[in-house]
Number of protein chains: 2
Amino acid sequence: MLKRYLPIITWLPHYTRRLAGADLLAGVIVTVMVIPQSLAYAILAGLPAVVGLYASILPLLLYTLLGTSSTLAVGPVAIIALMTGAALSNVAAPGSPEYLEAALVLSLLSGAILTLMGLLRMGFFVNFLSHPVIAGFLSASGILIAASQAAHLLGIEASGHTVMALGLSLVENLAESHWPTVAIGAGSLVFLIAVRKAGKQALMALHLPPALADLLARAGPVAAVVVTTLVTWQFGLAEQGVAVVGEIPRGLPPLTLPGFDASLWSTLLMPAFLISMVGFVESVSMGQMLAAKRRQRISPNQEMIGLGGANLAAAFTAGMPVTGGLSRTVINFESGAQTPMAGLFAAIGIGLVTLALTPWLYHLPIATLAATISVAVLTLVDTATIRQTWRYSRSDFSALAITILLTLLEGVEAGIISGVLLSIALFLYRTSRPHSVLVGRIDGTEHFRNVKRHETETVSHLAMLRIDMSLYFANARYLEDTVYTLVASRPELEHVVLICSAVNLIDASALGSLDAINARLKDSGVTLHLAEVKGPVMDRLKHSDFLDDLSGRVFLSTYAAWQELKRPPDTD
Amino acid sequence: MLKRYLPIITWLPHYTRRLAGADLLAGVIVTVMVIPQSLAYAILAGLPAVVGLYASILPLLLYTLLGTSSTLAVGPVAIIALMTGAALSNVAAPGSPEYLEAALVLSLLSGAILTLMGLLRMGFFVNFLSHPVIAGFLSASGILIAASQAAHLLGIEASGHTVMALGLSLVENLAESHWPTVAIGAGSLVFLIAVRKAGKQALMALHLPPALADLLARAGPVAAVVVTTLVTWQFGLAEQGVAVVGEIPRGLPPLTLPGFDASLWSTLLMPAFLISMVGFVESVSMGQMLAAKRRQRISPNQEMIGLGGANLAAAFTAGMPVTGGLSRTVINFESGAQTPMAGLFAAIGIGLVTLALTPWLYHLPIATLAATISVAVLTLVDTATIRQTWRYSRSDFSALAITILLTLLEGVEAGIISGVLLSIALFLYRTSRPHSVLVGRIDGTEHFRNVKRHETETVSHLAMLRIDMSLYFANARYLEDTVYTLVASRPELEHVVLICSAVNLIDASALGSLDAINARLKDSGVTLHLAEVKGPVMDRLKHSDFLDDLSGRVFLSTYAAWQELKRPPDTD
């Protein structure tokens with residue numbers, strides 16, 4: 001029991017010096033790498049930069065205790081920061097104490113929702129975020145984030161949580177662009193894109209081993225931060241109006257207690273739920289992908305508890321909502337992390353940074369962080385999935401397209417909610433018209449195939465209808481309609497056989513429809529039979545009167561039904 | 001084209017004197033029988049009694065032109081009247097001119113919604129009302145209606161649209177019960193119940209032919225109306241405080257034009273939609289049942305247009321929302337109606353009544369009408385379906401029970417909306433954990449069965465997993481999890497075969513999961529194969545890169561996969 005909820009009990013006793021060495025190295029590398037992004041995502045959420053550091057200390061410790069992935073690295077991530085900003089700006093003004101307080105409440109609610117759902121084993125909830133909806137949502141969010149960073153790159157003000165609002169306020173203030181800021185922003189941007197596109201190759205051309213080249217290429221943001229900070233400090237650019245991170249209180253994160261305010265909590269409940277679900281999906285897919293590479297597995301329900309614990313920790317240590325982040329996890333994995341202990345080492349590292357090194361971050365320009373974010377979120381725009389979905393299915397694509405449009409035009413919450421509702425509607429619509437075909441016998445065999453596609457043997461008083469879908473309320477009446485049309489169009493019909501080989505489920509509505517079909521066919525002098533009913537479906541039917549009332553029989557196979565019913569009727 | 005939208009063109013040319021005779025008789029019988037219920041349902045909706053008559057004239061003509069059922073009788077019905085009253089009392093005070101006006105707007109919106117959905121062939125929408133939800137909703141509505149009529153039977157005031165509100169106001173005013181009214185109400189009630197329970201048998205004991213006995217037993221409400229009206233008139237009970245129908249303007253229904261008021265229209269849109277759907281479901285199920293008895297069929301989409309036309313007609317002739325009514329349709333059917341022309345004859349009959357006979361209705365006690373309604377709605381309480389659903393499936397029963405509870409406690413709209421949402425959630429939950437089993441070969445055959453249920457032959461490096469469900473977003477990740485668990489638990493595994501004989505659909509999310517499974521198994525050194533993929537599913541997969549990327553093969557049958565893969569691996 002304790003082992004299930006505290007996975008660390010399972011792996012800690014087998015922890016060795018060798019594992020500790022690997023984890024320590026990964027922890028140090030992650031510490032250095034994630035400082036820029038932690039600061040950047042806090043700013044993206046409209047919070048002071050230091051909140052991103054605070055959210056990367058205690059939450060990591062909690063995930064080490066509770067998580068099941070050996071490589072997942074938890075902390076602030078772009079998409080969650082975007083959603084956090086959108087939610088908080090509805091309840092308070094950015095920069096106000098209420099805004100900071102609301103961030104704690106949001107973390108607390110997210111943590112509570114995730115923990116509760118994990119304990120209740122409700123991980124399946126996340127399945128309602130279909131792949132096209134997630135791809136559309138992430139792509140649109142990437143664009144929204146890049147648009148929101150444009151203002152920082154230009155040194156102007158811009159606000160809003162839709163492309164229209166952001167675009168308008170950018171255009172309005174464009175004339176006020178601050179040229180030193182633009183220089184730093186554009187320089188960082190060009191440098192980061194170049195490193196991303198060609199950094200690894202360039203370093204390998206210098207005869208560095210591929211793994212090291214890869215790691216150094218990933219350190220591009222760190223290099224940009226160091227160089228632009230030095231430049232800004234050296235030339236006193238902060239005094240000339242270049243926005244910088246500024247003073248960060250030195251020391252460990254303060255303990256905080258989110259206050260209770262019924263109206264604030266109820267307003268933030270839905271955003272917290274959406275943040276939890278999106279964060280969990282991102283985290284768990286990545287966790288599964290990396291676990292599979294080492295033939296390990298993670299437990300989705302326990303992952304919910306792990307992420308829930310991390311968010312609760314964030315709520316009590318002046319943090320913001322967190323989840324498993326893509327780039328920090330990849331760095332952790334490739335730096336050779338072996339157990340969740342690597343997360344603890346990273347937490348200690350970031351803790352030391354906030355204790356001692358924050359003055360060094362004073363002159364770090366916001367424009368550099370904006371450039372870091374803009375380049376990072378480019379990967380969210382998932383053109384490959386968009387293209388594949390278009391090729392594979394136009395209706396899935398429509399869900400994706402509407403999610404993108406609504407996310408861009410109405411904001412993140414409207415976008416994801418519409419996407420989920422649309423996926424559900426689409427699935428219900430697809431299954432509401434079950435594919436069913438009349439089958440006939442392939443001459444000389446026991447095989448029965450679609451009469452329209454194959455040369456088959458049929459008899460006029462017998463119709464054999466193969467149903468290619470589970471029967472439930474959304475398609476039950478459609479089946480009725482199909483059978484009635486069939487019977488009305490063939491006056492000589494005496495037997496109808498429903499072949500149920502692909503029927504995995506018959507719900508109470510479909511049972512009602514079968515009852516109705518049976519009764520109405522009996523009224524029209526037609527006998528109803530079933531064939532190839534699956535075991536579990538048959539077990540369920542035995543809990544009803546249907547089998548007693550059935551005018552015909554239940555045949556084990558289509559062939560048995562054919563053998564019995566193909567003979568010319570005895571009457572007349 | 002014209003034939004499709006004006007079914008009368010199809011049958012009118014073949015109309016004969018014999019058919020006309022039968023329809024005329026049915027029309028006369030229906031006219032006499034439906035007057036009490038038309039008045040009663042208008043009162044139930046909080047409208048003047050005469051509105052029920054107006055709604056039984058022009059709407060019937062429109063249905064005759066547009067409808068496809070030869071026996072459906074359109075007019076005010078109990079459940080629609082209840083929903084109308086609930087919707088209207090939210091926007092105006094009963095008895096006010098605004099209330100009457102809102103009734104016209106509600107008819108107009110219902111008519112427009114039905115016509116539009118019919119033209120767009122959106123009849124499938126109604127499928128979201130599952131059988132358990134409808135059974136629960138109708139049962140609860142029956143109880144609500146009976147509770148609302150109790151006040152009329154006691155001669156007191158009571159208002160509210162939930163059992164709590166109705167119950168409280170009944171108890172408050174109980175002391176003011178008006179004894180002459182109670183006498184009339186109780187007398188009518190006892191008489192109507194007796195006629196319903198034993199009327200037919202009693203009349204048959206008098207050697208009347210069964211058909212006539214049945215018809216006369218159904219005339220119970222007419223007899224109650226005639227007798228109590230005469231008694232009230234004779235003893236001047238109206239002057240002693242017995243509520244009566246009172247003065248009804250003589251003449252044909254006035255032409256009305258529902259005024260446009262954006263806020264009123266938008267408030268009534270949802271109720272109009274719900275009324276349309278519930279009315280359509282009731283009407284179309286009955287139409288299909290009776291059509292099947294004569295081996296005819298009706299067209300659900302054209303039925304929407306027919307009922308839409310009827311409601312539009314009601315909006316322009318001082319009426320109220322209408323649909324195909326259970327009791328009036330049964331009377332029409334059993335009186336021998338042969339074509340929709342019977343509806344026209346009934347419309348003419350009711351028209352003549354409003355022209356000439358309304359003064360005769362002056363002394364008709366409201367208590368008698370309340371008794372008529374109360375007895376009629378007893379049939380809505382569908383204990384058989386409730387019991388059957390309990391036996392068949394506890395989860396379907398939960399949808400039914402919650403629909404009943406919410407309808408009773410929160411009102412008709414909350415009840416039906418929650419029921420629909422719950423059915424959908426239930427279906428998604430059921431399909432979110434696809435049944436899948438590992439299969440092995442039954443010795444010496446080509447059959448493969450569940451390894452847990454049968455003695456089967458298996459090999460340790462090969463897992464064959466049969467998936468018993470369509471794959472879509474809600475269960476795609478569950479499948480991933482199943483496969484990863486399987487692979488993690490069997491280190492010797494080299495091949496996984498997914499048997500897709502019951503997979504009717506693979507949506508873009510499931511395709512994404514299959515891609516992920518394929519890639520991750522490849523990372524773990526396991527080859528993925530498919531078997532028995534259905535034609536339409538295979539066609540769709542060809543629109544993706546999945547088949548090119550698949551590490552293994554697609555086998556036509558499970559046996560072919562077994563033959564190919566069961567051999568000990570060549571390596572080591």
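As the structure is a computational prediction, the values presented were derived from the model and not from experiment. Throughout, protein chains are lettered first and strands after them, A, B, ... in sequence-line order, and every chain is numbered starting at 1.
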*asked:* Could you check whether any side-chain heavy atom of A:Ser470 comes within less than 4.5 Å of a side-chain heavy atom of B:Ser470, counting everything from C-beta outward?
replied: no

*Side chain B:Asp396, main chain A:Ala508, donor-acceptor under 3.5 Å*: yes

_Heavy-atom pairs under 4.5 Å with chain A: which of B:Asp545, B:Ile298, B:Asn475, B:Leu521 has the most?_
B:Asp545

*Determine the option with the most heavy-atom pairs under 4.5 angstrom with chain A, choosing from B:Val133, B:Leu428, B:Leu129.*
B:Leu428

_Below 4.5 Å, heavy-atom pairs only: which of A:Ser513, A:Ala510, A:Ser501 has the largest tally toward chain B?_
A:Ser513

*Would you call the rings of A:Phe473 and B:Phe427 parallel, tilted or perpendicular if under 30° counts as parallel and over 60° as perpendicular?*
perpendicular

*asked:* Quick check on the interface: out of B:Asp481, B:Val284, B:Thr389, who has the most heavy-atom pairs with chain A under 4.5 Å?
replied: B:Asp481

*Does any N or O in the side chain of A:Ser509 come within less than 3.5 Å of the main-chain N or O of B:Ser130, such that one atom is a donor and the other an acceptor?*
no

_Choice from B:Gly512, B:Ala476, B:Ser299 maximising heavy atom contacts with chain A below 4.5 Å_ = B:Gly512

*Pick from A:Lys522, A:Lys534, A:Glu480, A:Gln388: which one has the most heavy-atom pairs with chain B under 4.5 Å?*
A:Lys534

*Does the side chain of A:Asp507 come within less than 4.5 Å of B:Ser393's, by heavy atoms?*
no

*Do you know the tightest heavy-atom contact between A:Ser285 and B:Arg520?*
O-NH2, 3.8 Å

*Is B:Asp468 reaching over with its side chain to a backbone N or O of A:Asn504, donor-acceptor style, under 3.5 angstrom?*
no

